[in-house]
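Accompanying notes for the structure given below.
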Amino acid sequence: MTYVIIGNGVASIGAIEGIRRHDKDGRIVIIGAEDTAAYGRPLISYLLAGKIGPERLALRGDDYYTRNGVELKLGTTATSIDTAKKTVTTDKGETVKYDRLLIATGGIPFVPPIPGVQGPDIYSFTTLAHANTLIELSSKIKRAVVIGGGLIGLKAAESIFDRGVAVTIVELAPRILSGGFDEKAGKLAANRLKKVGIEVNCGVTAKEIQRTKEGRVKGVLLTDDRFLECDVVVVAIGVVPHSSIAKDAGVKVERGIMVDSKLMTNARDVYAAGDVAQAMDQITGEHRVVPIWPNAYNQGYASGRNMAGAKQPYMGGLPMNSISFYGLPTISVGTVNPPEGDSSFEVHALLDEEKETYRKLVFRDEKLVGYVLVGDIDKGGMYTAFIKFEMPLAGEAKDKLINGGPEVFLWPAELFDETWNPEPAKAAR
Amino acid sequence: MKRVYPNKDFCIGCHICELACLTAHSKSKDLILAYTVERGQNGVASSKHVHEGGATCVALSCRHCDEPSCVAACISGALQKDPESGRTIYDREKCVGCWSCLMACPFGAIARHPLEQKIVKCDLCFDRPGGPACVAACPNKALKQEER
């Protein structure tokens with residue numbers, strides 16, 4: 001059995017570990033465009049900020065690939081897939097035969113068609129190479145504009161600022177973090193950034209990136225006609241599935257590569273996982289592209305198990321983000337911005353601006369479906385349990401959760417016993 | 001693998017397991033020094049926590065799941081599954097303190113370190129002769145380490 005994995009990010013690490021749970025001997029080949037072992041992609045903001053050195057980037061130990069019998073083809077881009085012949089060709093002219101194929105090509109930065117966006121001095125912030133370039137540049141430049149006030153944009157802004165560069169964030173939405181966080185949480189984070197000296201502009205975006213005669217970036221003209229002088233622009237609006245190789249091979253792609261409950265695509269023995277995949281979401285039951293780290297690992301793992309024949313379904317992903325802004329920790333899980341006016345949701349929010357703490361709980365059908373924590377995050381996982389295990393929370397139990405917190409004795413007795421003190425035959429692991 | 005299983009019907013809520021855990025993970029291995037000095041100085045903390053609900057109590061810590069949510073969520077590779085022992089192992093040096101594991105673990109088994117951007121999590125006392133200190137210290141055998 002030969003497993004071929006296109007992509008060398010965290011979904012691929014998950015896949016290796018999923019395959020090896022069931023198949024110790026099958027051949028695993030990884031084709032990775034970047035020229036390094038799999039690294040913690042979110043760590044590039046820590047690297048750029050100078051908090052960690054390059055030696056801490058690798059996700060697994062030096063002997064990991066050898067120990068797991070993985071053949072690496074790095075610095076190599078897969079160029080096409082033939083699903084009938086079951087082969088992958090690469091830009092090095094190789095043809096690799098597979099029995100099972102995983103497409104885990106991740107996302108590519110979305111760059112909007114702003115005049116002047118093509119050319120030098122524009123960076124996205126999604127690869128180690130970008131981080132390294134920005135580190136080199138940081139001593140030579142004075143001002144940066146970050147387009148996009150989401151998680152990647154804010155972390156990019158924070159880490160460039162930590163290198164001594166003045167930073168302005170530009171966000172089209174009326175507030176930062178509009179995706180995974182709500183207004184109050186976004187405001188607490190924005191205040192923290194403003195306090196250290198990062199400028200945050202919401203409700204505006206770049207109309208044009210202006211350049212000098214030599215073609216270098218001069219600054220950004222905003223939609224409200226203000227002009228922000230800068231040396232570099234970081235475009236951090238988000239990522240879109242890097243699905244072209246799948247599309248070209250006739251694999252079904254909607255927003256991302258469509259996968260079933262085993263993470264298999266419509267092409268036989270071809271699977272997809274991570275930021276490129278459109279997989280099931282636990283709460284909504286719909287297929288969505290949710291480009292977050294834990295989903296990528298879990299989908300990789302589940303696809304690995306299924307490629308190796310374990311027949312275990314993927315249970316669906318849960319949107320979740322944990323991120324800190326200058327020491328202010330935030331966690332956001334599940335549905336946190338229910339549609340306005342939808343009375344099937346019930347929201348309980350508690351804000352303490354002085355202490356910089358916030359907690360928001362979102363219920364639907366007597367179940368917790370989402371939460372936000374800012375500042376005091378210590379009970380995070382215990383709240384996650386109520387969402388993940390879809391525990392019923394009627395009447396008193398819900399009041400207790402709201403007033404007392406996510407106590408383990410609110411769990412249904414059977415789940416409690418199976419989890420913590422199972423009968424030997426029922427040990428669920 | 002042998003895991004630690006807590007029995008809420010036997011737990012008397014004495015917190016002795018927490019103190020045993022604290023001591024086992026201290027430098028001095030001395031309860032009084034660990035509690036009075038090291039807690040403040042190096043932030044040594046128990047990874048066992050007694051939960052109380054009315055008359056019931058139970059002492060919980062990392063379950064060393066076969067397919068742990070914390071490993072999936074870890075952005076730095078600090079949390080990994082050890083294929084040999086089955087433990088969910090934590091490499092303090094690699095951890096950047098992003099709290100993704102704390103968010104993802106539905107068992108509340110991960111805590112923030114009191115002083116550093118690190119986490120505190122049960123290591124099953126892998127290097128302690130005689131096995132987990134909490135199990136050894138429990139006066140009512142509410143904690144058992146066994147294969148199930």
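Below, read A as the first sequence line, B as the second, and so on, with proteins coming before strands; counting in each chain starts at 1.
- For the side chain to side chain donor-acceptor pair (under 3.5 Å) with B:His15, the lone residue among B:Glu52, B:His49, B:Lys48 that qualifies is B:Glu52.
- Of the atoms belonging to A:Arg21, it is side-chain heavy atoms, and not backbone ones, that fall under 4.5 Å from chain B.
- Ranking B:Cys74, B:Gly108, B:Cys101 against chain A, the residue ahead of the rest is B:Cys74, based on heavy-atom pairs under 4.5 Å.
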Would you please test B:Arg92 and B:Tyr90 for side-chain hydrogen bond (donor to acceptor under 3.5 Å, both in side chains) and show each step?
CA-CA 6 Å; B:Arg92 204 172 186 281; B:Tyr90 171 59; 5.4 Å; no
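- For B:Cys98, the parts lying under 4.5 angstrom from a heavy atom of chain A are both the backbone and the side chain.
- Using non-hydrogen atoms only and a strict 4.5 Å limit, the part of residues 48-58 of chain A facing chain B consists of A:Ile52, A:Arg56, A:Ala58.
- At least one cation-pi condition fails for B:Lys8 and A:Phe409: the charged atom is not both under 6.0 angstrom from the six-membered ring centre and inside a 45 degree cone around its axis.
- A cation-pi contact, defined as under 6.0 Å to the ring centre and within 45° of the axis, links B:Arg63 to B:Phe107.
- Using a 4.5 Å cut-off between heavy atoms, B:Ala111 makes no contact with chain A at all.
- For the set B:Ala72, B:Cys70, B:Pro68, the entry with the most heavy-atom pairs within less than 4.5 Å of chain A is B:Ala72.
- For the pair A:Arg359 and A:Tyr371, the NZ or CZ position fails the cation-pi test of under 6.0 Å to the six-membered ring centre and within 45 degrees of the ring normal.
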As a quick check of understanding, evaluate side-chain hydrogen bond (donor to acceptor under 3.5 Å, both in side chains) for B:Asp82 and B:Ser85, giving each step before the final call.
CA-CA 6 Å; B:Asp82 180 21; B:Ser85 68; 2.7 Å; yes
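- A cation-pi arrangement is present between B:Arg39 and B:Tyr35, with the terminal nitrogen or guanidinium carbon under 6.0 Å from the aromatic centre and inside a 45° cone about the axis.
- Minimum interatomic distance between A:Gly107 and A:Asp275 (heavy atoms only, all atoms of both residues): N-CB, 3.7 Å.
- Heavy atoms of B:Pro83 lying under 4.5 Å from chain A belong exclusively to its side chain.
- Within the 4.5 angstrom heavy-atom criterion, only side-chain atoms of A:Asp417, from C-beta onward, approach chain B.
- The two residues B:Leu124 and B:His64 have their closest heavy-atom pair at CG-NE2, 3.3 Å.
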side-chain hydrogen bond (donor to acceptor under 3.5 Å, both in side chains), that's the test. Do A:Gln282 and A:Glu390 meet it? Break it down for me.
CA-CA 10 Å; A:Gln282 189 199 323; A:Glu390 301 177 3; 3.0 Å; yes
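- Within 6.0 Å of the CG atom in A:Asn403, the count of heavy atoms belonging to other residues, nucleotides or ligands exceeds 12.
- Most heavy-atom pairs under 4.5 Å with chain A: of the set B:Ala78, B:Gly54, B:Ala109, B:Gly77, this distinction falls to B:Gly77.
- No hydrogens or angles considered: nothing links the side chains of B:Lys121 and B:Ser47 as a donor-acceptor pair under 3.5 Å.
- Contact detail for A:Ser324 and A:Pro329: the closest heavy-atom pair is OG-CA, 3.5 Å.
- Residues of residues 296-305 of chain A lying under 4.5 angstrom from chain B, judged on non-hydrogen atoms, are A:Tyr297, A:Asn298, A:Tyr301, A:Arg305 in numerical order.
- Looking at A:Phe386, neither its backbone nor its side chain comes within 4.5 Å of chain B, counting heavy atoms on both sides.
- Counting heavy-atom pairs closer than 4.5 Å to chain B, the top-ranked of the candidates A:Ile292, A:Asp378, A:Thr384 is A:Asp378.
- For the set A:Gly61, A:Gly381, A:Gly40, A:Gly18, the count of heavy-atom pairs under 4.5 angstrom toward chain B peaks at A:Gly381.
- The side-chain heavy atoms of A:Ile16 and A:Tyr64, taken from C-beta on, include a pair separated by under 4.5 Å.
- Counting heavy-atom pairs closer than 4.5 Å to chain B, the top-ranked of the candidates A:Val10, A:Ile323, A:Ile377 is A:Ile377.
- Under a cutoff of 6.0 Å and an axis angle of 45°, A:Arg41 and A:Trp293 do not form a cation-pi pair.
- With chain B as the partner, the residue from A:Ile331, A:Thr419, A:Ile13, A:Val408 showing the most heavy-atom pairs under 4.5 Å is A:Thr419.
- By number of non-hydrogen pairs under 4.5 angstrom with chain B, the leading residue of A:Glu407, A:Lys388, A:Arg67, A:Arg60 is A:Arg60.
- Within the 4.5 Å cutoff, the side chain of B:Ile119 has no heavy atoms near those of the B:Leu102 side chain.
- For B:Leu143, no part sits under 4.5 Å from any heavy atom of chain A, backbone or side chain.
- Contact check for B:Arg148 versus A:Asn421: side-chain heavy atoms found under the 4.5 Å cut-off.
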One pair to check against side-chain hydrogen bond (donor to acceptor under 3.5 Å, both in side chains): A:Glu158 and A:Ser45. What are the steps and the verdict?
CA-CA 8 Å; A:Glu158 182 179 319; A:Ser45 73; over 6 Å; no
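- Heavy atoms of A:Phe389 lying under 4.5 Å from chain B belong exclusively to its side chain.
- Within the 4.5 angstrom heavy-atom criterion, no atom of B:Glu146 approaches chain A.
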